[in-house]
Amino acid sequence: MVKQIIDEVVKRNPGEVEFHQAVTEVVESVAPVLEKHPEYKQAKILERICEPERQLMFRVPWVDDSGKVQVNRGFRIEFNSAIGPYKGGLRFHPSVYLGIIKFLGFEQIFKNSLTTLPMGGGKGGADFDPKGKSDGEVMRFCQSFMSELFRHIGPDTDVPAGDIGVGGREIGFMYGMYKKLRNEFTGVLTGKGLDWGGSLVRTEATGYGLIYFLLEMLKDMGKDIKGSTVVSSGSGNVSIYAIQKCQELGAKVVACSDSNGYIYDKDGINLKTVKQLKEVERKRIKEYLKYHPKATYEEGCDNIWKVKCDIALPNATQNEIDKKSAEKLVENGVWAVAEGANMPSTPEAIKVFQKAKVGFGPAKAANAGGVATSGLEMSQNSQRLSWTFEETDKYLNRIMKAIYKQSKEAAIEYGQEGNLVVGANIAGFLKVARSMYAQGIV
Ligand code: NDP
Ligand code: 2IT
C-alpha cells in the first residue's frame, strides 16, 4: 500500500522531486499507524493528506528601478485545514517552483500539528530574488504579490509568515497592502513589527526553539551543550538566533555560511558582526574577514560540513547535507544533529546519522518553534494584547519540550525507540488523521 500511494503521488505530480521526497518519508513512517487503524485506510486519510485542498498560482508583475517590467510567479498552497486555518511561511527565492512550495506545505501540516496549537498547513512564495534589489523594488514586488494573495487569505482562513527571503521588511510591505485592500487591521500575517501587532520572541523563535529541542535530546543522551563545538549553516534568521542561544549556553560556534561559502573562526564566531552584515547591511558572509582577519573563508556551501564539530545545525536550506557530508561529519565525531532548516538532510544522510547513533532531531519537530510562536502571535492578536518576552519565551520552551515528548513517545509506542524521524511523523499525523476522520469525507 505504501508503494502504491507514493507511486500515485509521483505520477500525479511529475517533476516535483522535493515533494516526492517529503511524501515518501511521511508515508513510510506512518504505515504502521494505518495497520492499527483500518478505518483511516478505508477513509483514504493518507491519500487525501497528499492532495492539497487548494493550489494557487498567480502572475506577479512589477516595475524595477530602471523602469523595466518584470514578471514573477506567485504561489500559495492551502494544504490541509483539518486542525486550524492554513498556516505557514512565504519563501522568496529564485529556486522556488511548485515542487518546493508543495514539499514545504506538506511538512507544515505535521509540524503545525506537533506544536499543540490549532493550525493547519500551508506555504507560499515566489521565484523572486530579493538579493541585490532596492527597498523600493522589494516593496513594489511585495505589493503586487499581495494584490492577488489578499483575496485568498484572512486571519481565520490562511495566515502567511516569513521563510527564506521573507523577513520583517517584506512582511511590513505585504501587511500594508493587505490592510489597504481589505480596510481591516487583523492578524492576517505573523512576524509583524512589534509596534503593529507582532509578537516578542518571533524573530528569535525558530533558532531558540531549535536549541530548546536539542537540549531535550541531549538530556536523554547524557550530553551537555556547554563546552561543545557547533557548526551552524546559513546566516539568516534561523542560524543567527540558533547561534545566539548556543553561545548563551556556553557552546562555541566555529562556522556559519551563506549560499556562496562559509567562514571558520576557531575562537568562536562574533555574532555581532554577522548580525550587522546580514540583518543590517545585507552583505555576503565573506565580508566577516574584514573585521576578523584571523578567520578563514572557503567558497562552496557544502564545505562547511567538513569542519569538525560535536553538534551540527543545518539552518540554510533543503538537501544541504547529502550522504557524503553526513559521512564526513560522522568521521569527524559529530554526536548530535538538529535540523533548523526544512528537510536539510537527504534520506541517505539521515540513514548515515542513525546508523552511527548520532542524536538526530528532524526538522518538523526541531524547527517548529518558529511557527509555534506565530501561533502565539495569532493568539495575542485575537486577544488584542501583547505578552512579555519572558512569558512568550517560556511558552515556546514548553512547546518544544512537548514536541520532543510526543515524538519520543510515539517512536516508543510504534517499536522504534530513539527514532525521532518516525516519532515526529507519527505524532504529527495522528492528530490530523483523527480530525479528518471525524470531519467526514471533505
Ligand atoms: P533567511 O532568508 O533568513 O536565511 C537563509 C540562509 O540560508 C541565508 O544565509 C542563505 O544564504 C542561506 N541559503 C538559502 N538558500 C541556500 C542555498 N540554496 N544554498 C545554501 N545556502 C542557502 O531564511 P531563514 O533563516 O528564515 O530560513 C532558513 C531555513 O529555515 C529554511 O529552510 C526555512 O524553510 C527554515 N525555517 C525557517 C523558519 C523561520 O521562522 N524563518 C521556521 C522554520 C524553518 P544567501 O543569503 O546567500 O541566500
Ligand atoms: O517553515 C516554517 O515553519 C516557517 N517558515 C514559519 C512559518 C510560520 O507561519 O511562522
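Source: prediction; values computed, not measured. Just follow the structure's listing: the first ligand is 1, and inside any ligand the first atom is 1.
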Go through it in stages, so that I can follow the logic: the residues are Lys219 and Glu216, the test is salt bridge (charged side-chain N to carboxylate O under 4.0 Å, His left out), and I'd like the CA-CA distance, side-chain angles, deciding distance and then a yes or no.
CA-CA 5 Å; Lys219 229 189 272 170; Glu216 292 305 292; 3.2 Å; yes
So does Arg73 have more than 12 non-hydrogen atoms from other groups sitting under 6.0 Å from CZ?
no
Starting from atom 2 (C) of ligand 2, what is the nearest protein heavy atom, named by residue and atom, and what distance separates them?
Lys111 NZ, 3.2 Å
Asn315 neighbourhood, listing ligand 1 atoms whose heavy-atom distance to it stays under 4.0 Å
28 (C), 29 (C)
Atoms of ligand 1 under 4.0 Å from any heavy atom of Asn342, numbered from 1 in the order shown, are 32 (O), 33 (C), 34 (O), 35 (C), 36 (N), 44 (C)
Give me the nearest non-hydrogen protein atom to atom 5 (N) of ligand 2 as residue plus atom name, then the distance to 0.1 Å.
Asp163 OD1, 2.9 Å
I'd like to check which ligand 2 atoms, numbered from 1 as shown, lie under 4.0 Å from a non-hydrogen atom of Ala161.
8 (C), 9 (O), 10 (O)
Is it the case that over 12 heavy atoms from other parts of the model lie below 6.0 angstrom from the NZ atom of Lys133?
yes
Quick one: does Cys301 get a heavy atom under 4.0 Å from ligand 1?
yes
Applying a 4.0 Å heavy-atom criterion (strictly less than), which segment of Glu339 is in contact with ligand 1: side chain, backbone, both, or neither?
neither
In the protein, which heavy atom is nearest to atom 9 (O) of ligand 2, and how far is it?
Lys87 NZ, 2.7 Å
Parallel, tilted or perpendicular: which describes the rings of Phe353 and Phe360, with under 30° parallel and over 60° perpendicular?
parallel
Distance from atom 10 (O) of ligand 2 to nearest protein heavy atom, with residue and atom:
Ser374 OG, 2.5 Å
Considering heavy atoms of the protein only, find what lies nearest to atom 6 (C) of ligand 2 and give residue, atom and distance to 0.1 Å.
Arg202 NH2, 3.5 Å
I'd like to know whether NZ of Lys431 has more than 12 heavy-atom contacts from other residues, nucleotides or ligands below 6.0 angstrom.
yes
Give the residue and atom name of whichever protein heavy atom lies nearest to atom 4 (C) of ligand 2, and the separation in Å to one decimal.
Lys123 NZ, 3.7 Å
Heavy atoms of Ile171 and Gly191 approach each other most closely as CG2-O, 3.7 Å
State whether the shortest distance between N or O atoms of Gly162 and N or O atoms of ligand 2 falls below 3.5 angstrom.
yes
Return yes when His93 approaches ligand 1 closer than 4.0 angstrom through a heavy atom, no otherwise.
yes
Whether Glu107 lies under 4.0 Å from ligand 2, heavy atom:
no
With under 30° as parallel and over 60° as perpendicular, where do the rings of Phe92 and Phe141 fit, or are they tilted in between?
perpendicular
Could you say whether the N/O atoms of Asn367 and ligand 1 ever approach to under 3.5 Å?
no
Would you mind running through ligand 1 and noting each atom that sits below 4.0 Å from a heavy atom of Lys131?
45 (P), 46 (O), 47 (O), 48 (O)
Could you tell me if Gln244 and Lys275 have a donor-acceptor pair between their side chains, going purely by distance under 3.5 Å?
yes
Proximal ligand 2 atoms for Gly88, defined as those under 4.0 Å from one of its heavy atoms
7 (C), 9 (O)
For atom 7 (C) of ligand 2, what's the nearest protein heavy-atom neighbour? Residue, atom name and distance, please.
Gly89 N, 3.5 Å
Protein heavy atom at shortest distance from atom 6 (C) of ligand 1
Gly236 N, 3.9 Å
Does ligand 1 have a heavy atom under 4.0 Å from the side chain of Arg284, from its backbone, from both, or from neither?
side chain
